[in-house]
Amino acid sequence: MEDEKDKAKAAAVAGVGAGVGGAGGATAGVLELAAKGVATAASAGLVIGAGAVAGAAAAYGLYWFFKKRRSERSHSTTNI
């Protein structure tokens, strides 16, 4: 049961990270360049998608990093 809760939390965090990363990719001027014809819509889509993937990966990694630190901290205080 606890493992399922952790997986659900991690998925939610990764989803938020993907949204933030996708928005970051879209606001990086890629859409403006595509509108001017400097970049194609496909390349703009790739940059936005890459931002979403990077955001999801970063959020997922940070979630597990802090979860692990919290778990280690709670174990070290119980051994005192």
Side-chain angles (χ1 to χ4, degrees):
M1 180 81 163
E2 190 67 30
D3 189 42
E4 291 175 6
K5 286 183 182 180
D6 285 340
K7 288 180 182 179
K9 288 178 187 177
V13 168
V16 170
V20 170
T27 59
V30 174
L31 296 178
E32 183 178 346
L33 292 174
K36 290 182 180 181
V38 177
T40 65
S43 63
L46 287 174
V47 170
I48 294 168
V53 169
Y60 184 78
L62 286 172
Y63 171 77
W64 285 110
F65 173 76
F66 285 111
K67 181 175 176 11
K68 183 177 176 183
R69 283 188 67 199
R70 186 179 69 198
S71 175
E72 288 174 355
R73 190 178 306 159
S74 67
H75 288 303
S76 66
T77 56
T78 56
N79 293 333
I80 296 176

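None of the values given here were measured: they were computed from a predicted structure.
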Pairs touching residues 45-54 that satisfy side-chain hydrogen bond (donor to acceptor under 3.5 Å, both in side chains), sequence neighbours left out: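 Of all non-adjacent pairs touching residues 45-54, none passes side-chain hydrogen bond (donor to acceptor under 3.5 Å, both in side chains).
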
Pairs touching residues 47-63 that satisfy side-chain hydrogen bond (donor to acceptor under 3.5 Å, both in side chains), sequence neighbours left out: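 Residue pairs with at least one partner in residues 47-63: Tyr60-Trp64.
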
Test side-chain contact (heavy atoms from CB on, under 4.5 Å) applied to Phe65 - qualifying residues, sequence neighbours left out: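 Phe65: side-chain contact (heavy atoms from CB on, under 4.5 Å) contacts with Arg69.
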
